[in-house]
Amino acid sequence: MFEYPEYQKIELPKKLAKRYPAYELYLYGEGSYAEEHKILPLTGIPVLFLPGNAGSYKQVRSIGSIALRKAEDIDFKYHFDFFSVNFNEELVALYGGSLQKQTKFVHECIKTILKLYKGQEFAPKSVAIIGHSMGGLVARALLTLKNFKQDLINLLITQATPHVAPVMPLDRFITDFYMTVNNYWILNARHINLTTLSVAGGFRDYQVRSGLTFLPKLSHHTSALSVVSSAVPKTWVSTDHLSIVWCKQLQLTTIRAFFDLIDPETKQITQNPKKKLSVLNHHFIRHPAKHFEENPAIISDLTGI
């Protein structure tokens with residue numbers, strides 16, 4: 001961070017606050033940005049950060065600060081509004097009884113966030129989600145809710161999230177939750193169009209081994225991408241379970257991808273799934289030193305040799 005971080009608490013509907021008294025929603029900001037956005041509505045592109053097991057909502061400042069610096073570099077032609085959920089640092093990796101409650105609260109948070117842009121010229125209809133550890137699993141669980149609309153999420157990035165199975169299956173709540181989420185994603189793979197990126201910490205992550213973070217490779221599921229941080233261009237390092245949130249190289253890569261995903265006509269993240277996957281492939285797998293080009297020029301033509 002470059003300026004003093006501020007966390008503006010978003011007022012939730014009274015019924016919602018009463019139903020979930022331990023949970024809160026915050027908007028991250030720094031300096032003049034924080035002062036200007038104390039008066040709503042907002043005008044940027046919404047991104048929601050979900051902390052993991054015993055995680056703090058304040059972890060959003062790592063990527064939120066970098067995104068703000070990038071927006072300043074382009075004179076706020078585009079900018080992102082980073083929100084974060086306070087789960088009261090619950091130990092959901094040790095007790096799975098709170099996972100369903102967290103999932104339902106996040107659904108309500110998404111609807112509340114989108115209302116903050118009501119009346120704006122380029123009002124968003126969906127949010128991007130970044131989930132750390134169990135926060136990434138909660139994000140995937142949103143699709144299992146009966147009244148949830150898949151279109152409310154335009155992009156999902158998970159960091160060190162154990163997608164395959166729980167690290168320690170200590171109770172039936174967590175095993176049942178995993179079974180529900182993974183079965184839904186497997187059985188409905190043909191209908192899930194949510195572009196999802198899973199980033200593993202690598203060998204330094206002693207809590208969640210990389211094998212647990214890989215999304216299922218299904219024939220009909222062409223919008224999923226799984227990588228290890230040590231293989232990400234311009235990162236090249238392994239991270240432990242907590243430092244994956246604070247790794248500057250990895251956050252820079254993520255923010256570069258976010259800005260390349262913006263549709264200049266809607267001033268929001270593009271709805272084109274092919275472009276989304278192409279941009280993520282570019283920044284997390286290929287061409288670390290080049291800007292993303294939708295139709296790159298051919299330098300040389302070797303046909304006929």
Problem - Over 12 foreign heavy atoms within 6.0 Å of NZ, Lys275 - result: yes
Handout entry: Side-chain heavy-atom pair Leu25, Ile113 within 4.5 angstrom cut-off
Key = yes
Completion exercise
Taking every heavy atom of His283 against every heavy atom of Thr253, the minimum-distance pair comes out as O-CG2, 3.3 Å
Practice task
Verify the cluster assignment for Tyr33 and Ile39: are they in a single hydrophobic cluster under the rule of side-chain heavy atoms below 4.5 Å apart?
Solution key: no
Completion exercise
Scanning both residues in full, the closest heavy-atom pair of Ile174 with Met134 reads CD1-CE, 4.2 Å
Practice task
From the options Thr196, Asn182, Thr103, select the one residue that forms a side-chain hydrogen bond (donor to acceptor under 3.5 Å, both in side chains) with Arg140.
Solution key: Asn182
Exercise for the section: Search all heavy atoms of Lys125 against all heavy atoms of Leu152 and return the closest pair with its distance. Expected result: O-CD2, 3.9 Å
Problem - Donor-acceptor under 3.5 Å (Ser243 side chain, Thr239 main chain) - result: no
Completion exercise
Distance col, row Asn154:CG vs Asn272:CG, nearest 0.5 angstrom, shows 12.5 Å
Practice task
State the OG-NE2 distance between Ser32 and His37, to the nearest 0.5 angstrom.
Solution key: 9.5 Å
Problem - Test of ring centre spacing under 6.0 Å for Tyr117 and Phe122 - result: no
Handout entry: Side chains of Pro233 and Arg286 in contact at under 4.5 Å (non-hydrogen atoms)
Key = no
Exercise for the section: Would you check if Leu143 and Asn188 make a side-chain contact, meaning some heavy-atom pair closer than 4.5 Å? Expected result: no
Practice task
Grab the two heavy atoms, one from Leu194 and one from Leu155, that are nearest each other, plus how far apart they are.
Solution key: CD1-N, 3.9 Å
Handout entry: Asn53 versus Ala93, closest heavy-atom pair with distance
Key = OD1-N, 3.1 Å
Practice task
Kindly indicate, with the supporting measurements, whether the criterion side-chain contact (heavy atoms from CB on, under 4.5 Å) is fulfilled by Ser126 and Gln271.
Solution key: CA-CA 10 Å; Ser126 56; Gln271 296 298 320; 3.7 Å; yes
Problem - Leu50 reachable from Ile10 in the ILVMFWY side-chain graph, under 4.5 Å edges - result: yes
Practice task
Report the residue from Gln207, Gln159, His241 that forms a side-chain hydrogen bond (donor to acceptor under 3.5 Å, both in side chains) with Ser133.
Solution key: His241
Practice task
Run the ring-centre check on Phe49 versus Phe83 and record whether the distance is less than 6.0 Å.
Solution key: no
Exercise for the section: Please lay out, stage by stage, how Tyr28 and Tyr57 fare under the test ring pair (Phe, Tyr, Trp, His ring centres under 6.0 Å). Expected result: CA-CA 10 Å; Tyr28 178 78; Tyr57 67 95; over 10 Å; no
Handout entry: Single-linkage hydrophobic cluster Val164~Val138, side-chain heavy atoms < 4.5 angstrom
Key = no
Problem - Inter-residue atom distance Thr161.OG1 - Leu156.CG, 0.5 Å rounding - result: 8.0 Å
Problem - Ile153 CD1 to Thr195 OG1 distance, which is reported to the nearest 0.5 Å - result: 11.5 Å
Practice task
Compare all side-chain heavy atoms of Thr175 with those of Arg172 and state whether any distance is below 4.5 angstrom.
Solution key: yes
Practice task
Flag the pair His282 / Arg256 as yes when at least one side-chain heavy-atom distance between them is below 4.5 Å, and no otherwise.
Solution key: no
Practice task
Treating Ile, Leu, Val, Met, Phe, Trp and Tyr as nodes and any side-chain heavy-atom pair under 4.5 angstrom as an edge, say whether Leu252 and Phe258 lie in one connected cluster.
Solution key: yes
Fill in the blank from the handout: All heavy atoms of Ala67 vs all of Ile255, minimum pair found to be CB-CD1, 3.6 Å
Handout entry: Leu170 reachable from Val208 in the ILVMFWY side-chain graph, under 4.5 Å edges
Key = yes
Exercise for the section: In sequence, state the C-alpha distance, the side-chain angles, and the governing distance for Thr144 and Asn183, and then conclude on side-chain contact (heavy atoms from CB on, under 4.5 Å). Expected result: CA-CA 10 Å; Thr144 66; Asn183 283 349; over 6 Å; no
Practice task
Step through the shown structure and confirm whether more than 12 heavy atoms of other residues, nucleotides or ligands are within 6.0 Å of CD on Glu11.
Solution key: no
Practice task
With side-chain contact (heavy atoms from CB on, under 4.5 Å) as the test, would you mind laying out the steps for Tyr7 and Val60 before giving the verdict?
Solution key: CA-CA 10 Å; Tyr7 303 88; Val60 71; 4.0 Å; yes
Practice task
Spell out, as yes or no, whether a donor-acceptor pair under 3.5 Å connects the side chain of Asn88 to the backbone of Glu90.
Solution key: no
Exercise for the section: Could you tell me whether the side chain of Thr235 and the main chain of Ser229 form a donor-acceptor pair under 3.5 Å? Expected result: no
Problem - Residue pair Ser84 / Gln59, side-chain donor-acceptor N/O under 3.5 Å - result: no
Exercise for the section: Would you indicate whether the side-chain heavy atoms of Pro46 and Pro124 approach each other to under 4.5 Å? Expected result: yes
Exercise for the section: Look only at the side chain of Ser198 and the backbone of Thr213, and say whether a donor-acceptor pair between them is shorter than 3.5 Å. Expected result: yes
Practice task
Could you check if a side-chain atom of Tyr23 sits within less than 4.5 angstrom of a side-chain atom of Ser98, using non-hydrogen atoms only?
Solution key: yes
Exercise for the section: Please answer whether the main-chain N or O of Val245 pairs with a side-chain N or O of Ser62 as donor and acceptor at a distance below 3.5 Å. Expected result: yes
Exercise for the section: Under the salt bridge (charged side-chain N to carboxylate O under 4.0 Å, His left out) rule, what do Arg69 and Glu3 come out as? Steps first, then yes or no, please. Expected result: CA-CA 10 Å; Arg69 301 285 81 77; Glu3 297 179 277; 3.3 Å; yes
Practice task
Taking the side chain as every heavy atom from C-beta outward, state whether Tyr78 and Pro264 have any pair of such atoms under 4.5 Å apart.
Solution key: yes
Problem - Ser210 side chain vs Ala200 backbone, donor-acceptor pair below 3.5 Å - result: no
Completion exercise
The reported gap from CG in Leu116 to OG1 in Thr112 (rounded to nearest 0.5 angstrom) is 7.5 Å
Exercise for the section: Would you indicate whether Arg19, at its atom CZ, is surrounded by more than 12 heavy atoms from other residues, nucleotides or ligands within a distance under 6.0 Å? Expected result: yes
Practice task
Please lay out, stage by stage, how Leu212 and Arg209 fare under the test side-chain contact (heavy atoms from CB on, under 4.5 Å).
Solution key: CA-CA 6 Å; Leu212 292 178; Arg209 65 182 186 273; 3.7 Å; yes
Handout entry: Asp73 CG to Leu68 CG distance, which is reported to the nearest 0.5 Å
Key = 10.0 Å
